[in-house]
Amino acid sequence: MNRPMSTQMGASLASNHEVSLVNAGVALVFCLLAALTISSCKKTAKPEACAQFHQRSTLRVAIPVLPLHLCELAKSTYWIRQLTLNLVLEPLVRENAKTGRIEPALAERYAIDTEKKTLTFYLRRGVTFHDGHALTADDVIFTLDTLMSSTFVNSAKRSDFDFVARWQKVDAHTVRIVLKSLNAFALLSFTDLQIYPRHRFFGRNFSATCVAERLIGSGPFRVTRRDSQRIELTRYIGYWGRKPGFAKLVFQKAAPEKLLLLLRRHEVDLVPELPADSVAAFRRDGSLERDYVIFQHPGNAYGMLGFNLRQARFQKPAVRRAFARLIDLERIRTTLYRGRAHWAIGPFHPLSSATPKLRPFSHDTKRGLELLTKAGWVDRDHDGVLDVDGKAARLRLLFRAESKEHRRLATVIRDQLRRYRIDVQLEPLAWGPLLKRVAKGDFDLFLFRWGPIPYHYDPHPFFHSKGSMNWIGYRDDASDRWIVEAQRTRDAAKRQALYRKLATKLFRDQVVQFHFFADALLVGHRCLVGVFPSALGPQFDRYAPRGK
């Protein structure tokens, strides 16, 4: 799934020295991975072959979904965020996509007072929005006022800032944030909050206006075209920061089956999401191998099968472990994902030290059926369907109708479970209705892709009993305690140790059935530089033509 981009991303409310040390290991692992990925490319583009690419100064990108609007604060989706954050709109601070370190953005510096639990941001002077208006503290206050308003529609986004007690303007270029309690993810949460211009929206319906009108920001690119065919971003000549490598970014929607054709025709330069089943065809095509290269690394979203834990039949961990034994996930990994997927051992990124070193559940039909029988799943009326709690085990499996991957996965799961007399009915739904059904608890099972999961991740929204997105209905005192303690600790090593305990419990109890982090497969032109694997996804503003 494309999770609403409200993921809490965190760095410790501690010294910059501590944050640097914590992220150094992550940076080293990813740098090594990047080196391995890039060094696998046997061919390199000759300088003369890149001359035309360099002169064009336009990066053409094929993406699977073309957003209907670009107002991330009104509605959060993966591609709305990818096309706006650090491109059109900017946050106060930015997370370095390679190292995970916090870097200045609209705030040239910040101060942290852990005793009084305050964050103070000092804004850059001379920053202007695309229409020439100066950015000031009033714009930051307006953005926070809008986000935290009780009538604001994007409640999932607002919940990411539940740790904020109040905010105030100190002067025209200074904003102070007071926290309810020490929160290790407070600072990095602000890397995900884009600042909107007050003068464009004050006194108007924010969501309606932001969705309908052309987006105005302070980033290196301004929106010059947005329709059903493409979105064009053009370099903003008044930008305060580093000049981006391309004068224009052009995003166009492309169906997965058309991607190789577009590359072969040289109609696109970058494909951020190549399907795993297209890799073999890419490798066989000499012209594609000559002109493009595939960058492969662990993706930043994991797939999962969610259980409705409010239902008595799913409350026993043994039942959920039985499902882990009966569903042949290794076969799914090797067939559906062509082996290009990393096991999700809990909800943390594979490169995170929060991920425990546990073996995935093996496919074991005998053991799975034994667990179900002991839990009372027995076909008492001999109708060919197991009964539990006096009812036939007929389960509704909800999944996203637009996702071919989830349709295939749902079909495989249904067919496998029916072999063991568990009747699964598939219910494909559009994303909006699916999210509403799951949020209301109107489901038995659901398939999601949950992400993005960055280098640092706060599991509170989904796995804390009071989490804003705890749609599965998970309740566990020990898990709640570990999550809160991790949020409040200044010791990064201790926080990761707590998360390993949490992940171990979640995985062993199969609170959800964790599937895979499907590998990210990004295809880029050989004359393109600045491409590197990152848990934060593509960094379009960092790419440039070779030699520039």
Side-chain angles (χ1 to χ4, degrees), residues 1-3 7 298-309 314-337 339-364 367-368 371 397-400 403 405-406 408-410 412-413 416-417 438 443-454 457-464 467 469-474 476 479 482-483 496 498-520 535:
M1 115 180 197
N2 287 333
R3 179 189 171 189
T7 305
N300 62 358
Y302 66 86
M304 68 175 180
L305 177 68
F307 303 95
N308 191 336
L309 303 183
F314 290 129
Q315 288 179 0
K316 295 178 180 179
V319 171
R320 305 191 296 269
R321 294 188 192 113
F323 274 69
R325 298 292 190 183
L326 297 177
I327 298 175
D328 191 349
L329 287 177
E330 175 57 23
R331 183 178 179 185
I332 290 172
R333 193 183 74 87
T334 55
T335 56
L336 183 58
Y337 296 98
R340 295 183 173 89
H342 287 68
W343 287 94
I345 307 298
F348 300 100
H349 196 276
L351 297 181
S352 170
S353 60
T355 296
K357 295 181 179 180
L358 299 175
R359 298 174 65 89
F361 283 83
S362 60
H363 180 54
D364 187 337
R367 179 57 178 158
L371 289 171
L397 173 56
L398 278 55
F399 66 93
R400 188 173 183 178
S403 172
E405 172 194 339
H406 279 182
R408 292 171 63 189
L409 181 57
V412 171
I413 290 175
Q416 289 189 2
L417 290 179
V438 172
F443 68 91
D444 302 320
L445 305 168
F446 67 80
L447 282 174
F448 268 4
R449 174 177 287 180
W450 195 250
I453 305 299
Y457 167 67
D458 181 5
H460 184 283
F462 199 88
F463 293 107
H464 191 279
M469 289 174 278
N470 182 13
W471 298 318
I472 57 176
Y474 180 53
D476 181 76
S479 297
W482 294 331
I483 290 171
Q496 295 300 83
L498 288 166
Y499 283 155
R500 281 194 297 274
K501 291 171 64 175
L502 173 68
T504 298
K505 181 172 182 55
L506 295 177
F507 184 76
R508 285 179 173 167
D509 287 352
Q510 288 290 285
V511 172
V512 300
Q513 186 181 90
F514 296 97
H515 289 174
F516 317 103
F517 282 86
D519 284 355

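Model, not experiment: these values are computed from the prediction.
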Check whether any side-chain heavy atom of [X] sits under 4.5 Å from a side-chain heavy atom of [Y], and report yes or no.
X      : Y      : value
Phe462 : Val512 : yes
Tyr499 : Asp458 : yes
Ile327 : Ile332 : yes

Looking at every non-hydrogen atom in both residues, tell me the closest pair between [X] and [Y] and how far apart they are.
X      : Y      : result
Ala503 : Ala354 : CB-O, 4.0 Å
Phe516 : Ala341 : CB-CB, 3.7 Å
Asp519 : His342 : OD1-ND1, 2.8 Å
Ile483 : Pro459 : CG1-CG, 4.3 Å
Gly473 : Leu309 : O-CB, 3.9 Å
His515 : Leu447 : CE1-CD2, 4.1 Å

Please state whether the rings of [X] and [Y] are parallel, tilted or perpendicular, taking 30° and 60° as the class boundaries.
X      : Y      : value
Phe514 : Phe463 : tilted
Phe446 : Phe443 : perpendicular
Phe361 : Phe507 : tilted
Phe307 : Phe314 : tilted

Using 0.5 Å steps for rounding, measure from the [atom1] atom of [X] to the [atom2] atom of [Y].
X      : Y      : atom1 : atom2 : result
Thr335 : Arg408 : OG1   : CZ    : 7.5 Å
Phe323 : Leu371 : CZ    : CG    : 11.5 Å
Leu329 : Leu336 : CG    : CG    : 11.0 Å
Leu305 : Leu397 : CG    : CG    : 6.5 Å
Phe348 : Tyr302 : CZ    : OH    : 9.0 Å
Asn470 : His460 : CG    : NE2   : 9.5 Å

Practice problem: Please assess Leu409 against Phe399 for the test side chain to side chain contact (heavy atoms under 4.5 Å, CB included), listing each intermediate value before the final yes or no. | Solution: CA-CA 9 Å; Leu409 181 57; Phe399 66 93; over 6 Å; no

Quiz item: Does a donor on one side chain and an acceptor on the other come within less than 3.5 Å for Tyr474 and Ser479?
Solution: yes

Quiz item: Do you see a donor-acceptor pair shorter than 3.5 Å between the side chains of Arg500 and Thr355?
Solution: no

Do any N or O atoms from the side chain of [X] and from the backbone of [Y] form a donor-acceptor pair under 3.5 angstrom?
X      : Y      : value
Asp364 : Arg325 : no
Glu330 : His363 : no
Arg400 : His406 : no
Asp509 : Val511 : no
Arg321 : Arg508 : yes

Quiz item: So, for His349 and Tyr457, is the gap between ring centers shorter than 6.0 Å?
Solution: no

